J.: 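This is the structure I have questions about; it appears just below.
The figures here come from the full heavy-atom set of this structure, side chains too, leaving out hydrogens, waters and symmetry mates. Note that the coordinates shown come from a computational prediction; the quantities given were computed from them, not determined experimentally.
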Amino acid sequence: MPRFTRGFDVAEAHAWLSRRDRRLGTWMKRLGPIAAQPGWAKRFDPVDALARAILFQQLSGKAASTIVGRVEVAIGSQRLHADTLGRIDDAALRTCGVSGNKALALRDLARREADGQIPDLRRMSVMGHDAIIDALVPIRGIGRWTVEMMLMFRLGRPDILPIDDLGIRKGAQRVDKAETLPTPKELQARGEKWGPYRTYASLYLWRIADFSADAKETTNRSQVPGAAQ
């Protein structure tokens, strides 16, 4: 059974994409190389990571971190798992600032962990990314995008393209100088050219979208009478 390593050779990915897609390659040269992601080298706990993803949904980083800190104090642990979450009831979770829907999601995650439905890192190392997505998206509160972020930034899978991500779509629109955003289906077809390094292409598409927004903001400021030159 093949074993998947965490991370990939970014220099090789850079060279490959530059040859395969001249439009993207022009932007890559402009922005410079993107280094390997630090999360690829760090061990992590999938269940704990999913629990934190649930708690961080639809909140600012500061607000979510505050709630997570309260939960950790309430359960007496920095490890969010079935055994530790079992130390706190739903009323106490609400006191920590956890919404009812998120509490239900945490309970579902804990139940699935206890039933052995959540693969650990060792199991994930021999699972294709589609198999990992299929295993995790049934969890309440966990969508495909959340799993794709784990695959990209934690597991370092090289060929992930989050076609529903707005930033990715904006970056692709900028690369192709298109008048409208590509649909997810169009982006999926466009991304065929970037395989087997669609993850690395995605990192650039996010930066390209941000670069576009930053440039527009700078231009708008320069057009304001009296703006600093």
Side-chain angles (χ1 to χ4, degrees), residues 2-46 49 52-53 56 60-61 121 124-130 132-133 144-222:
R3 183 172 292 274
F4 294 87
T5 59
R6 290 179 61 189
F8 53 90
D9 187 328
V10 294
E12 181 178 306
H14 190 285
W16 171 266
L17 290 170
S18 296
R19 292 193 303 268
R20 291 280 290 172
D21 191 324
R22 289 186 178 182
R23 289 180 178 178
L24 180 60
T26 298
W27 274 100
M28 292 169 68
K29 184 177 181 180
R30 184 177 186 179
L31 296 173
I34 296 178
Q37 299 301 294
W40 296 348
K42 297 178 181 178
R43 184 170 181 81
F44 78 101
D45 183 330
R52 292 172 189 275
F56 267 78
S60 70
L121 275 184
M124 286 185 181
S125 71
V126 295
M127 295 171 66
H129 65 256
D130 285 332
I132 294 173
I133 290 171
R144 184 183 182 91
W145 183 88
T146 299
V147 184
E148 288 172 335
M149 296 305 102
M150 178 185 288
L151 288 164
M152 294 175 70
F153 293 101
R154 297 296 192 100
L155 294 173
R157 296 296 174 91
D159 205 26
I160 307 299
L161 180 64
I163 59 174
D164 295 309
D165 186 279
L166 182 59
I168 297 286
R169 293 168 63 199
K170 285 182 176 179
Q173 179 187 13
R174 179 76 171 173
V175 167
D176 292 335
K177 298 180 180 179
E179 293 185 0
T180 59
L181 283 174
T183 65
K185 185 177 180 179
E186 290 169 341
L187 181 57
Q188 186 171 29
R190 177 72 172 85
E192 290 297 320
K193 180 178 285 190
W194 303 325
Y197 291 114
R198 279 173 276 205
T199 294
Y200 202 59
S202 296
L203 298 179
Y204 272 101
L205 293 173
W206 272 314
R207 289 203 180 184
I208 291 165
D210 289 341
F211 183 91
S212 173
D214 291 344
K216 183 176 181 181
E217 182 179 345
T218 300
T219 300
N220 289 341
R221 282 201 305 266
S222 70

J.: Distance-only, no hydrogens or angles: does the Ser18 side chain make a donor-acceptor pair with backbone N or O of Gly25 under 3.5 Å?
T.: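 Pair absent, no side-chain N/O of Ser18 close to backbone of Gly25.
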J.: Give the ring-plane orientation class for Tyr197 versus Trp16, where under 30° counts as parallel, over 60° as perpendicular and anything between as tilted.
T.: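 If you compare the ring of Tyr197 with that of Trp16, the planes turn out perpendicular.
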J.: Once you round to the nearest 0.5 Å, how far does CD of Glu186 lie from CD1 of Ile163?
T.: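 It is 11.0 Å, given to the nearest 0.5 Å.
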J.: Compare every heavy atom of Gly128 with every heavy atom of Arg157, then report the nearest pair and how far apart it is.
T.: NH1-C, 3.7 Å
J.: side-chain contact (heavy atoms from CB on, under 4.5 Å) for Leu155 and Ile132? Distances and angles first, verdict last.
T.: CA-CA 11 Å; Leu155 294 173; Ile132 294 173; 3.9 Å; yes
J.: For Trp40 together with Phe8, are the ring centres under 6.0 Å from each other?
T.: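 So the answer is yes for these two rings.
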J.: Would you say that Phe4 contacts Val126 through its side chain, given a criterion of any heavy-atom pair below 4.5 Å between the two side chains?
T.: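 No - every pair of side-chain heavy atoms lies 4.5 Å or more apart.
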J.: Checking Arg20 now: which residues fulfil side-chain hydrogen bond (donor to acceptor under 3.5 Å, both in side chains) with it, not counting sequence neighbours?
T.: none
J.: With a 4.5 Å heavy-atom cut-off, do Thr26 and Val175 have their side chains touching?
T.: no
J.: Mind checking the NE2-CE spacing from His129 to Met150? Nearest 0.5 Å is all I need.
T.: 15.0 Å
J.: Return the minimal non-hydrogen interatomic distance between Thr146 and Ala53, and the atom names on each side.
T.: CG2-CB, 3.8 Å
J.: For Ala172 versus Leu187, what's the shortest heavy-atom pair and its separation?
T.: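 Where Ala172 meets Leu187 most closely, the heavy atoms are CB-CD1, 3.8 Å.
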J.: Is there a donor-acceptor pair under 3.5 Å between the side chain of Thr199 and the backbone N or O of Met152?
T.: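 Absent.
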J.: In Å and rounded to the nearest 0.5 Å, what is the CE to CG distance from Met127 to Leu121?
T.: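 Between Met127 CE and Leu121 CG, I get 11.5 Å after rounding to 0.5 Å.
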J.: Got a second to check how far Leu203's CG is from Phe153's CZ, nearest 0.5 Å?
T.: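 The CG atom of Leu203 sits 5.5 Å away from the CZ atom of Phe153.
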J.: side-chain contact (heavy atoms from CB on, under 4.5 Å) between Asp176 and Arg23: does it pass, once the steps are laid out?
T.: CA-CA 7 Å; Asp176 292 335; Arg23 289 180 178 178; 3.4 Å; yes
J.: In Å, rounded to the nearest 0.5 Å, how long is the span from CD1 of Ile208 to CE of Met28?
T.: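 It comes to 8.5 Å.
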J.: Indicate yes or no for a side-chain donor-acceptor contact from Arg6 to the backbone of Arg154 under 3.5 Å, with no hydrogens or angles considered.
T.: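 Yes, the answer is positive, given that a donor and an acceptor are paired below the 3.5 Å cut-off.
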J.: Checking Tyr200 against Ile34 for the side-chain contact (heavy atoms from CB on, under 4.5 Å) test, could you report, in this order, the C-alpha distance in whole Å, the side-chain angles of both residues, the deciding distance, and whether it holds?
T.: CA-CA 8 Å; Tyr200 202 59; Ile34 296 178; 3.8 Å; yes
J.: Before accepting this row, confirm whether a basic side-chain N of the pair Asp21/Arg190 lies closer than 4.0 Å to the acidic partner's carboxylate O.
T.: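 Yes, this pair counts.
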J.: Which atoms form the tightest heavy-atom contact between Met124 and Pro46, and what is the distance?
T.: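 That would be CE-CB, 3.8 Å.
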J.: Is a salt bridge present between Arg144 and Glu148, judged by a nitrogen-to-oxygen distance below 4.0 Å?
T.: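 Here Arg144 pairs with Glu148 in a salt bridge, since their nearest N and O are under 4.0 Å apart.
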J.: Might you point out which heavy atoms bring Arg3 and Ser125 nearest each other, and give the distance in Å?
T.: NH1-OG, 2.6 Å
J.: Minimum heavy-atom separation for Tyr204 and Leu24, please, with both atom names.
T.: CB-CD1, 4.3 Å
J.: Parallel under 30°, tilted from 30 to 60°, perpendicular over 60°: which one fits the rings of Trp27 and Phe211?
T.: perpendicular
